[in-house]
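Written out below as structure tokens is the structure these notes cover.
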Amino acid sequence: MQPQSIRSRALLTGTVAVALAVTLAACGSTSSTGADGTAKGGPSAGGAAGATGTPSAPPTTTAPPKPTKVLMPTGPAAVFGKARDTAAGQIMMTTLAGPKSGVSGKVWVWLPPEYNDPKFAGTGFPVLTLFAGGQSAGYNTWTDNQLPIQEADAELSRQGKAHPFIMIMPVQNLDSNEAKALECSDIPGQPRIGTWMAEDIPDFVRANFRTLKGRDGWGLMGASTGAFCSAKLALQHPDKFKAAVPIDGYFNPDSPLWKGHDADRLANSPDVLVAQGKADVRMLATAGGANGYEMKLVKEWVAKAAAPLKVEYFEQPGGKHLTTDFKKMIPDTLQWLSKNLAGPEAD
């Protein structure tokens, strides 16, 4: 049977060859000869190459757009008033009605001198949100001369030791009564201040100012109650914040408003979150060296940190739980944040 199969294939091959010759002859017959003897017809000028041997044009390709680092203000623009002047420029204030949280509260803003310099018109700046000690209802201590962080940042930036940060200073509570402390959290049945801080405030900043894309230029810092807030928000939202400095803080939620909501309380507890191993962020946790209880509390919390979280411990020699001692740590904390956050960048 094998010779017959080979022979059949040979006959078929011969038949195909004859058909192909007829087809080519038919194609050639479409050409005509002009009066000058020049051949006409054949492939059209816009047709595919073939019998003429003319190569076809290579396909055009478009290079992918270059990734951008800077996020320009997206709007809508907020209306700002002047809160006060500092040696490093004006502190502005507005009221932010958060569309995601439904919370309305005051927010203060300071822009570093570089921000309005024409040389930096296309530059995005890192953002540092500062939380105050105490109840912080209607005020934020980082906005007054008790904690002159704006002047310190401007001077360190001139020296090349710290980034020029956009500083955002929100209120933390809507009532001065400590029995109504919201602890920077969405406590069931209460104003959703946690969403206001983690969602509405970053959206507000991006709407109004030139920032950096991604989380690498976003940091948090706070003292005492503000330390709780900075640690908690960084641990809960590592996709939004890269670094935090809780100064002389506590880590166990204790507001009376948590009564009857213990599962929610634990979900908002830095003491629990620190050990979960879910937050790839960097922290510097400080304690005053003159306060034994505080040192023990902070050290025990730092010891619970689970990778990828990294927490460094700093003990201020002779430090007490006072605003005057928080002030002394401003230069060191700004330089630490600058080492752990992206600086100003232009595309």
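This one's a predicted model, so the numbers in the text were calculated from it and none came from an experiment.
Formation of a donor-acceptor pair under 3.5 Å by the D216 side chain with backbone atoms of A342 is not found in this model. In terms of modelled atom types and a separation under 3.5 Å, the side chain of R84 and the main chain of I91 share no donor-acceptor contact. A distance-only check finds a donor-acceptor pair linking the side chain of D347 to the backbone of K69 [under 3.5 Å]. Between the side chain of E345 and the backbone N or O of G124 there is no donor-acceptor pair closer than 3.5 Å. Between the side chain of Q316 and the main chain of D325, a donor-acceptor pair closer than 3.5 Å is present.
Ion pairing of E315 with K299 is present here, as a side-chain N (NZ or NE/NH1/NH2) and a carboxylate O approach within less than 4.0 Å. Contact check on R282 versus D280 returns a salt bridge, with a Lys/Arg side-chain nitrogen under 4.0 Å from an Asp/Glu carboxylate oxygen. Taking the charged nitrogens against the carboxylate oxygens, D186 and R192 do have a contact shorter than 4.0 Å, which makes a salt bridge. Of the charged side-chain nitrogens involved, at least one lies within less than 4.0 Å of a carboxylate oxygen, so that K296 and E300 count as a salt-bridged pair. With salt bridges taken as basic N to acidic carboxylate O contacts below 4.0 Å, one links E199 and K240.
Between F131 and P170, the closest side-chain pair of non-hydrogen atoms falls below 4.5 Å. No side-chain heavy atom of E294 sits less than 4.5 Å from a side-chain heavy atom of L297. Residues T141 and T323 are not in side-chain contact: their nearest non-hydrogen atoms beyond the backbone lie 4.5 Å or more apart. Residues Y115 and R210 have side chains in contact (heavy-atom distance under 4.5 Å, counting atoms from C-beta outward). Inter-residue side-chain proximity for N268 and K232 is flagged as met; some heavy-atom pair is nearer than 4.5 Å. Side-chain contact check for F326 versus T333: every heavy-atom pair is 4.5 Å or farther apart. Contact of the F125 side chain with the F120 side chain is registered, since non-hydrogen atoms from C-beta on lie closer than 4.5 Å. Contact annotation: the side chain of V245 never approaches that of M329 to less than 4.5 Å [non-hydrogen atoms, C-beta and beyond].
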Apply side-chain contact (heavy atoms from CB on, under 4.5 Å) to D264 and I187, showing your working. CA-CA 7 Å; D264 295 284; I187 301 175; over 6 Å; no
Checking side-chain contact (heavy atoms from CB on, under 4.5 Å) for the pair R265/N252: CA distance, chi angles, key distance, verdict? CA-CA 9 Å; R265 185 185 72 82; N252 190 31; 2.9 Å; yes
Test side-chain contact (heavy atoms from CB on, under 4.5 Å) on L341 and W218 and set out the steps. CA-CA 7 Å; L341 292 172; W218 291 76; 5.7 Å; no
Evaluate side-chain hydrogen bond (donor to acceptor under 3.5 Å, both in side chains) for D248 paired with T286, printing each intermediate quantity in order. CA-CA 5 Å; D248 297 14; T286 80; 2.8 Å; yes
Go through the steps for E178 and N173 under the test side-chain contact (heavy atoms from CB on, under 4.5 Å), then give the verdict. CA-CA 9 Å; E178 290 191 5; N173 287 286; over 6 Å; no
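Between the CD atom of E183 and the OG1 atom of T225 there is a distance of 8.0 Å, given to the nearest 0.5 Å. Summarising the geometry, atom NZ belonging to K327 is positioned 8.5 Å from atom CG belonging to L147; distances are rounded to the nearest 0.5 Å. Considering CE of M197 and CG of L233, their distance stands at 7.0 Å, rounded to 0.5 Å. The CD atom of Q150 sits 6.0 Å away from atom CE of M167, with the distance rounded to the nearest 0.5 Å. Here the CG atom belonging to L128 is positioned 7.0 Å from the CG atom belonging to L334, to the nearest 0.5 angstrom. Interatomic distance, CG of L71 versus OG1 of T211, reported as 4.5 Å (0.5 Å rounding).
M295 is not connected to F314 by any chain of hydrophobic side-chain contacts under 4.5 Å among Ile, Leu, Val, Met, Phe, Trp and Tyr, and they are in different clusters. V302 and F251 end up in the same hydrophobic cluster when Ile, Leu, Val, Met, Phe, Trp and Tyr side chains are linked at under 4.5 Å. Note on L220 and L273: separate hydrophobic clusters, where clusters join Ile, Leu, Val, Met, Phe, Trp and Tyr whose side-chain heavy atoms are under 4.5 Å apart, directly or indirectly. L212 and V281 sit in two unconnected hydrophobic clusters of ILVMFWY residues. Membership requires side-chain heavy atoms under 4.5 Å apart, directly or through other members. Linking ILVMFWY side-chain heavy atoms closer than 4.5 Å, directly or via other members, places W142 and W336 in a single hydrophobic cluster.
Relative ring orientation between F209 and F204 is described as perpendicular, the plane-to-plane angle rising above 60° on a 0-90° scale split at 30° and 60°.
Contact between D200 and S101 at its shortest, heavy atoms only, is OD2-OG, 2.6 Å. Contact detail for L156 and Q335: the closest heavy-atom pair is CD2-NE2, 4.2 Å. Here the closest non-hydrogen pair linking W301 and A285 is CZ3-CB, 4.1 Å. Residues M283 and A234 share a closest heavy-atom pair of CE-CB, 3.8 Å. Contact between I193 and S185 at its shortest, heavy atoms only, is CG2-O, 3.2 Å. Listed here is the closest heavy atom pair of P246 and L284: CD-O, 3.0 Å.
Side-chain contact check for S157 and E114: at least one donor-acceptor pair (N or O, by modelled atom type) lies under 3.5 Å.
Applying the ring-ring contact (aromatic ring centres under 6.0 Å, His included) rule to pairs touching residues 162-185 yields H163-F165, sequence neighbours excluded.
Considering I149, D153, L130 in turn, D153 is the only one that fulfils the side-chain contact (heavy atoms from CB on, under 4.5 Å) rule with W110.
Counting heavy-atom neighbours within 6.0 Å of K213 NZ, excluding the residue itself, gives a total above 12.
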